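No experiment lies behind these values; they were computed from the predicted model shown. Order of listing sets the numbers, starting from 1, for every ligand and every atom in it.
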Amino acid sequence: MPRNAESTAFRSALEVIRGVEPRVADAIGAELADQRESLKLIASENYASPATLLAMGNWFSDKYAEGTVGRRFYAGCQNVDTVEALAAEHARELFGATHAYVQPHSGIDANLVAFWAILADRVEAPALRRAEARHVNDLTEADWFALRRELGDQRMLGMSLDAGGHLTHGFRPNISGKMFDQRSYGTDPATGLVDYDRVAEIAREFRPLVLVAGYSAYPRKVNFRIMREIADSVGATFMVDMAHFAGLVAGKVFTGDFDPVPHAHIVTTTTHKSLRGPRGGLVLCGPELADQVDRGCPMVLGGPLPHVMAAKAVALAEARRPDFADYARQVVDNAQALAEGLLRRGAKLVTGGTDNHLVLIDVTGYGLTGRQAEQALLDSGIVTNRNAVPQDPNGAWYTSGIRVGTPALTTRGLGTAEMDTTAELIHTVLSQTSAGANPDGTASKAKYVLDPALADKISRQAGDLLGGFPLYPDVELG
Ligand SMILES: *Cc1c(COP(=O)(O)O)cnc(C)c1O
């Protein structure tokens, strides 16, 4: 392939778009420029390959393909079948799963598919058997009423939000919390780690139908073998949401007890975080849940997005190549180098370090809220997000933490030396920022004071750091 094929592809695409609505073409170009300039430490973001991005902009977008491969409700799906089958095959091979469902449009949607597959298998199917009915339409009004109540009366046990769990694991603002009666397990206040004995104790008392593991802000590994034993001991279905760390599973950094696939009944993930694919989700499971999972559309999903499934096939093929394992290892090496660099300079980290792709800085050590720290860093060209820490004194809005992750910068090519420089920049900004005051003199959780000259200087240093690692070096929009 000629070196400029990527430039040609993106330039031509923008030229075509510009002919219709130039402001969209401009915004796309501006987005690339912004991404090139920012030191992106958002732990849930990455940079998909040009092949993955290009696989999304085509005629597959025009197809309706409800159903599954070879069993569609619409004619003319043979090419969609090809890409959906390929994406599923790559997912099965990559993760060693017996079944993969690649239609979910996002991580939340993948979780909804999993929840309803579990409810259908564990609640609806037995009710149908009891009523000797083959289909819900065959139930009497009374049986249907009773089944709907039973579906709405199930229990879920997941990780608490302030320990790093996710809203979709049974929390009230999300539909999962309205569907399930939920309890959560936190982390040991002394170590910051998951306390498996405590999880087992809560499970024995609460007897959940579903035990969920997985997180978006926990900087350590979870032992899925132990979690499965806990689930088995109370008859729960064990589900793992690996949305954040799927890339570390794919890259064989998380193996044995830390690989969810051999231990969980069902695994969900996004495809766009550490896995570095298109924005989307997928579900992995064994043969027991496969048929229920395949009913995801139209159960809870709108029509599949064939163009995104094509891009999933491309990205999953990339993740099966040996260099993806090198990437995954580097992601963790970089997170550890970043953690060490911060610790050495006096930062306080939740759990004192990391085993994965993310670091959670407790910014109360700098006398700041997460909100103040996030904004001060942003002023200085460093893109992060604020995040609650365990038993957060500032609540879920202002928070006391800053979450930083290395998947994106690692894709760009930055290594451990650059992570030390990044730690220096972060520490400098946070140690030079002070909390602001409200007009009445009380301490503000949002206002902060940072010398604009220092913010500018750090922005320039961040830019210099990135200058050595061009993003999409083969894409020149001119
Ligand atoms: C990001 C995330 C999700 C949601 O993914 P979307 O694609 O934004 O819907 C679900 N679960 C976990 C653990 C996540 O980190």
Side-chain angles (χ1 to χ4, degrees), residues 40-46 48 52 56 101-116 118 156-171 173-177 179-180 182 184-185 187 194 210-222 224 227 238-250 254 258 260-261 264 266-284 296-297 300-302 304-305 308-309 311-312 315 331 335 354 356-360 384-388 396 401 403-408:
K40 182 155 90 173
L41 286 158
I42 306 266
S44 50
E45 290 191 6
N46 212 325
T52 296
M56 279 185 279
Y101 182 64
V102 298
Q103 291 187 13
H105 309 163
S106 72
I108 288 191
D109 292 11
N111 286 350
L112 276 176
V113 170
F115 296 154
W116 282 101
I118 295 166
M156 171 175 289
L157 176 59
M159 193 177 207
S160 69
L161 282 180
D162 71 352
H166 196 264
L167 209 59
T168 57
H169 301 174
F171 293 91
N174 180 259
I175 188 167
S176 56
M179 283 163 53
F180 289 96
Q182 194 256 28
S184 53
Y185 56 88
T187 45
V194 172
V210 190
L211 174 64
V212 185
Y215 52 79
S216 45
Y218 179 67
R220 296 292 177 176
K221 297 197 275 200
V222 173
F224 300 117
M227 293 297 277
F238 181 39
M239 165 173 160
V240 176
D241 176 355
M242 62 172 183
H244 253 260
F245 55 88
L248 305 185
V249 178
F254 284 3
F258 306 101
V261 180
I266 188 162
V267 176
T268 59
T269 185
T270 59
T271 47
H272 50 273
K273 297 183 181 175
S274 57
L275 196 52
R276 207 162 66 181
R279 189 152 290 281
L282 61 85
V283 180
L284 305 170
C297 168
V300 292
L301 299 176
L305 308 175
V308 181
M309 294 196 290
K312 286 173 184 170
V331 165
T354 181
N356 57 22
H357 63 296
L358 70 88
V359 176
L360 192 56
T384 65
N385 64 278
R386 65 185 188 278
N387 206 104
R403 186 184 69 167
V404 288
T406 53

Q. What protein heavy atom sits nearest atom 10 (C) of ligand 1, and how far off is it?
A. H166 CE1, 3.3 Å
Q) Relative to the heavy atoms of K273, which atoms of ligand 1 are at a distance of less than 4.0 Å? A) 1 (C), 2 (C), 3 (C), 14 (C), 15 (O)
Q: Check each atom of ligand 1 against the heavy atoms of A243 and keep those under 4.0 Å away; list them by number with element.
A: 2 (C), 11 (N), 12 (C), 13 (C), 14 (C), 15 (O)
Q.
Under a 3.5 Å threshold, yes or no: a donor from one side chain and an acceptor from the other, between D241 and H169?
A. yes
Q: Measure the distance from atom 9 (O) of ligand 1 to every protein heavy atom, then report the residue, atom name and distance (to 0.1 Å) of the closest one.
A: I108 N, 2.8 Å
(Q) Checking M179 against W116 for the side chain to side chain contact (heavy atoms under 4.5 Å, CB included) test, could you report, in this order, the C-alpha distance in whole Å, the side-chain angles of both residues, the deciding distance, and whether it holds? (A) CA-CA 10 Å; M179 283 163 53; W116 282 101; 3.5 Å; yes
Q. Looking only at heavy atoms, is any part of T270 under 4.0 Å from ligand 1, and if so is it the side chain, the backbone, or both, or is it neither?
A. side chain
Q | Qualifying residue, where the test is side-chain contact (heavy atoms from CB on, under 4.5 Å) with T168 and the options are T268, V212, L112, N174 | A | N174
Q) Does the protein put any heavy atom within less than 4.0 Å of atom 5 (O) of ligand 1? A) yes
**Q.** Closest protein heavy atom (residue, atom, distance) for atom 13 (C) of ligand 1
**A.** D241 OD2, 3.2 Å
(Q) Please enumerate all residues that pass salt bridge (charged side-chain N to carboxylate O under 4.0 Å, His left out) together with K273, with sequence neighbours excluded. (A) none
(Q) Pairs of nitrogen or oxygen atoms closer than 3.5 Å, one from G107 and one from ligand 1: do any exist? (A) yes
Q | Atoms in ligand 1 flagged as close to Y215, the criterion being non-hydrogen separation under 4.0 Å | A | 13 (C)
Q: Compute the minimum heavy-atom distance from H272 to ligand 1 and say whether it is under 4.0 Å.
A: yes
Q.
So, taking the atom named CG in N387 and the one named CG in L161, what distance separates them when rounded to the nearest 0.5 Å?
A. 9.5 Å
(Q) Once rounded to the nearest 0.5 Å, what's the spacing between atom OG1 of T270 and atom CZ of R279? (A) 8.5 Å
Q. Should the proximity of R279 to ligand 1, defined as any heavy atom under 4.0 Å, be assigned to the side chain, the backbone, both, or neither?
A. neither
Q: For V240 and P260, work out which heavy atoms get closest and say how close.
A: CG1-CB, 3.6 Å
Q) Is the centre of the F180 ring less than 6.0 Å from the centre of the F115 ring? A) yes
Q.
For S106, which part has a heavy atom under 4.0 Å from ligand 1: side chain, backbone, both, or neither?
A. both
